[in-house]
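For reference, the structure is listed below as structure tokens.
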Amino acid sequence: MIRFVFLSSYNHRVVFASLIVVGCSKPVFFASVLKRVNPRPDAVGCLVQLKIHQGLESCSTMENLKQYHSQIIRLGLSDDNNAMGRVIKFCAISTHGDLGYALKVFSTLPQPDTFIYNTIFRGYLQVHLPKDCISFYLQMLHTSVPPNKFTFPPVIRAFTFDNAVEQGRQVHAQILKFGYHLDSFSQNNLIHMYVSFKRLEEARMVFDKMPQQNDVSWTTLISGYSQSGYIEDARKLFDLMPEKNPASWNAMIAAYVQSNCFHEAFLLFDQMQRSNRFKLDKFIAASMLSACTGLGALKQGEWIHDNIKKTGIEVDPKLAATIIDMYCKCGSVEKAFETFNELPSKGISSWNCMIGGFAMHGKGEEADELFKRMENESKTPPDYITFVNLLSACAHSGLVKEGHYYFQRMVEVHSISPGMEHYGCMVDLLGRAGMLNEAMKLINAMPMDPDARVMGALVGACKIHGNTELGEKIGKKAIELEPYNSGRYVLLANIYARASKWEDVANVRKLMNDRGVKKSRGFSLIEIGGVVNEFVAGGRSHPDSQEIYAKVKEMLACIRSIGYAPEAESVSHDISEEEEMEKALFYHSEKLAIAFGLLKSKAGETLRITKNLRVCKDCHEASKLISKYFGREIIVRDRSRFHHFKQGVCSCNDYW
DNA sequence: ATAGGGTTAG
């Protein structure tokens, strides 16, 4: 039995804490204690908070809270901001809370204080209702409740969220008016706000005016520059930063990764490691895995994964997705699947990445099977992306029946209405399978206007199936929908080239040039001995280029002996001289990369190549024959999928 | 209370 002698001490916080420690948690008991001691409001608040804190570990927390709430009311403290503030805090912010209940309590308060307003702001932000947050803020100002330094961060966030540039500036003015120009939290949030408005000059001005920038200020501005495409400015700032921490290193590494500057990301990572001050953490690991994914650098990716395991970095769902994606996109679905199966708990993105991985590798049946597993045994319901990946898997494997089935099932069973991407997959699926009219019909039946990618899928299908007429019509539309995308022009030019309409080919090229659209330069990467080598068509900057060109010649001579004939189709302009045509074909970056791979790897080793564009028909044919002649497996990652060349056959069954 | 990582059709 607890003795009440303590209560005379008036140190209620300690007393209540002790009561809870000894385990007397019945609300009724507390009520009786409270009645006897005529507690101060903050003591009651403390009790509620402690109880709630304890309650967080059990399940029925809202219920518990409501019990304490009624206790407090019975004690006559229903107008008390201190006690009610804590009730509201729990309801508005904690994961098991209930914002609606918080608002109900709020509405009963005659004079809610600053803390309570601040709490409501945070609650609204958490559920992504910035507009409501803003209207409460206005109400706060109208009722002359003075803001404090905790007021502004969430309010700034709300304006950021709402993309309200003008109002955001007004809040900035209010912050200065209320004298919070020295508060780093408010200032950092302002930097973040201007960054997300892409007002980098204004963000920089806030930063420069701060008397004392901290890590967060620096890191926010660094990522801000990089997200707006000012990667060099980001780097300048990073170099200026006096005391770097892991977050700032990662911000810069991630900046490079997001700008596709993977080599720079690796350089910076090496620099960080050499400085010996920071270890790999889960964020840096994730960024570096993405860098590996971008380069198709399997070895380096494995190295990062090994380090994650060795150092015991927790593999949360995001990191798991990154690892799985890395293995898939670096050509090793097997490793990805192994990792996937070993995950103790699988988040939605783990499933999605894995299904997407099977899709990319043309493993439609595996994707199908995995999806069934997801429906049956996992508590994670499939989402929008799951179906994009699943339908894409069907498209890449020619699973027309399954594709139709899932397109329907998505709506009927999972209540997901098809979006642009799903239509894109279906058009691709039907188009590849030669059902061009049905694909066209589906486009016409879409509830939204098809975008360039949906149109592009149909154009691609027209190219495969040699339908020049439809390809021309849709190809032109696709160009007008995305006049700055060079790929659209190239596709139409390819269609004309296939039909030997050289004049039209020339016209498309001219149109493209007149509009100043530059064809994106193709390149191929191959990793040898932990070094990623890059090749561009006709490039001679590689130190071994002489040797490599000789090897290309030899390689092509070899496969000629088993039936290789260069394909004119892959040249998008008319070249009458056979020799010229062959030159253009022979020095495609992919062939250079393969030749280099043959030179530098041991007999029988698999060659893994990553390309930024799609494999051309000639290289595809050549790769098949090389795999046969030289007894090598060649795995090529395309812009859209993988090709596993083995003994003269490609895993895509020439269906790409 | 503020900063750093992932999955989306061609």
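Worth knowing before you read on, the calculation uses all heavy atoms, side chains too, and leaves out hydrogens, waters and symmetry mates. Quick note on labels: first sequence line is chain A, next is B, and so on, each numbered from 1. Here the structure is a predicted model, which means the values were calculated and not measured.
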Whether over 12 other heavy atoms sit under 6.0 Å from A:Arg373 CZ: yes
Under 3.5 Å donor-acceptor, A:Ser248 side chain and A:Lys244 backbone: no
Selected nucleotide, minimal atom distance to A:Asp428 side chain, candidates B:dA9, B:dA1, B:dG5: B:dA9
Residue list, ring-ring contact (aromatic ring centres under 6.0 Å, His included) with A:His192, at least two apart or on another chain: none
Presence of donor-acceptor pair under 3.5 Å, side chain of A:Thr220 and base of B:dA3: no
Selected nucleotide, minimal atom distance to A:Lys149 side chain, candidates B:dT8, B:dG5, B:dA1: B:dA1
Where A:Ala291 and A:Ala265 come nearest, the two heavy atoms and their spacing: CB-CB, 4.3 Å
Salt-bridge present (A:Lys476, A:Glu480; N to O < 4.0 Å): no
Smallest separation among heavy atoms of A:Ala158 and A:Ile134, with atom names: CB-CG1, 3.9 Å
Spacing between A:Glu421 atom CD and B:dT7 atom C1', to the nearest angstrom: 12 Å
Closest listed nucleotide, where the reference is the side chain of A:Arg453 and the choices are B:dA3, B:dG10, B:dG5: B:dG10
Closest nucleotide among B:dT7, B:dA9, B:dG5 to the A:Gln258 side chain: B:dG5
A:His422 NE2 to B:dA9 C1', straight-line distance once rounded to whole Å: 9 Å
Spacing between A:Ile495 atom CD1 and B:dG10 atom C1', to the nearest angstrom: 13 Å
Sugar-phosphate only, base, or nothing, as touched by A:Asn148 at under 4.0 Å among non-hydrogen atoms: nothing
Sugar-phosphate, base or nothing in reach of A:Lys329, heavy atoms under 4.0 Å: sugar-phosphate
B:dA1 pyrimidine/purine six-ring stacking with A:Phe185, under 5.5 Å and 30°: yes
Touch class at under 4.0 angstrom, heavy-atom based, for A:Asn118 against every strand present: nothing
Sugar-phosphate only, base, or nothing, as touched by A:Asn245 at under 4.0 Å among non-hydrogen atoms: base
Side chain of A:Pro153 (C-beta onward), nearest among B:dA9, B:dA1, B:dG4: B:dA1
Distance, rounded to the nearest Å, where A:Arg432 contributes CZ and B:dG10 contributes C1': 8 Å
N/O donor-acceptor pair, side chain A:Asn189 with base B:dT2, under 3.5 angstrom: no
Out of B:dA9, B:dG5, B:dT7, whichever nucleotide has its closest atom nearest the side chain of A:Ser287: B:dG5
Touch class at under 4.0 angstrom, heavy-atom based, for A:Val454 against every strand present: base
Under-3.5 Å donor-acceptor pair between A:Asp281 side chain and B:dG5 base: no
Between B:dG4 (P) and A:Lys244 (NZ): distance, integer Å: 18 Å
DNA chain B-proximal residues of residues 202-214 of chain A, any heavy atom under 4.0 Å: none
Sugar-phosphate only, base, or nothing, as touched by A:Arg641 at under 4.0 Å among non-hydrogen atoms: nothing
Touch class at under 4.0 angstrom, heavy-atom based, for A:Asn389 against every strand present: sugar-phosphate
Separation of B:dG4 C1' from A:Tyr256 OH (nearest whole Å): 16 Å
Sugar-phosphate, base or nothing in reach of A:Met252, heavy atoms under 4.0 Å: nothing
Aromatic ring proximity A:Phe266/A:Tyr256, centre distance under 6.0 Å: no
Contacts of A:Arg409 that satisfy salt bridge (Lys or Arg N to Asp or Glu O under 4.0 Å) - sequence neighbours left out: A:Glu375
Polar side chain donor-acceptor pair, A:Arg235 to A:Tyr225, under 3.5 angstrom: no
Sugar-phosphate, base or nothing in reach of A:Pro246, heavy atoms under 4.0 Å: base
OP1 or OP2 of B:dA9 under 4.0 Å from side-chain N/O of A:Arg639: no
Touch class at under 4.0 angstrom, heavy-atom based, for A:Glu482 against every strand present: nothing
Distance, rounded to the nearest Å, where A:Arg122 contributes CZ and B:dT2 contributes C1': 11 Å
Gap between atoms CG and P, on A:Leu429 and B:dG10 respectively (whole Å): 11 Å
Sugar-phosphate only, base, or nothing, as touched by A:Ser217 at under 4.0 Å among non-hydrogen atoms: nothing
Of the listed nucleotides B:dA9, B:dT7, B:dG5, the one nearest the side chain of A:Ile385: B:dT7
Short side-chain N/O contact from A:His396 to OP1 or OP2 of B:dG10, under 4.0 Å: yes
Ring centres under 6.0 angstrom apart (A:Trp351, A:Phe340): yes
Minimum-distance nucleotide to A:Ile284 side chain [options: B:dA9, B:dG4, B:dA1]: B:dG4
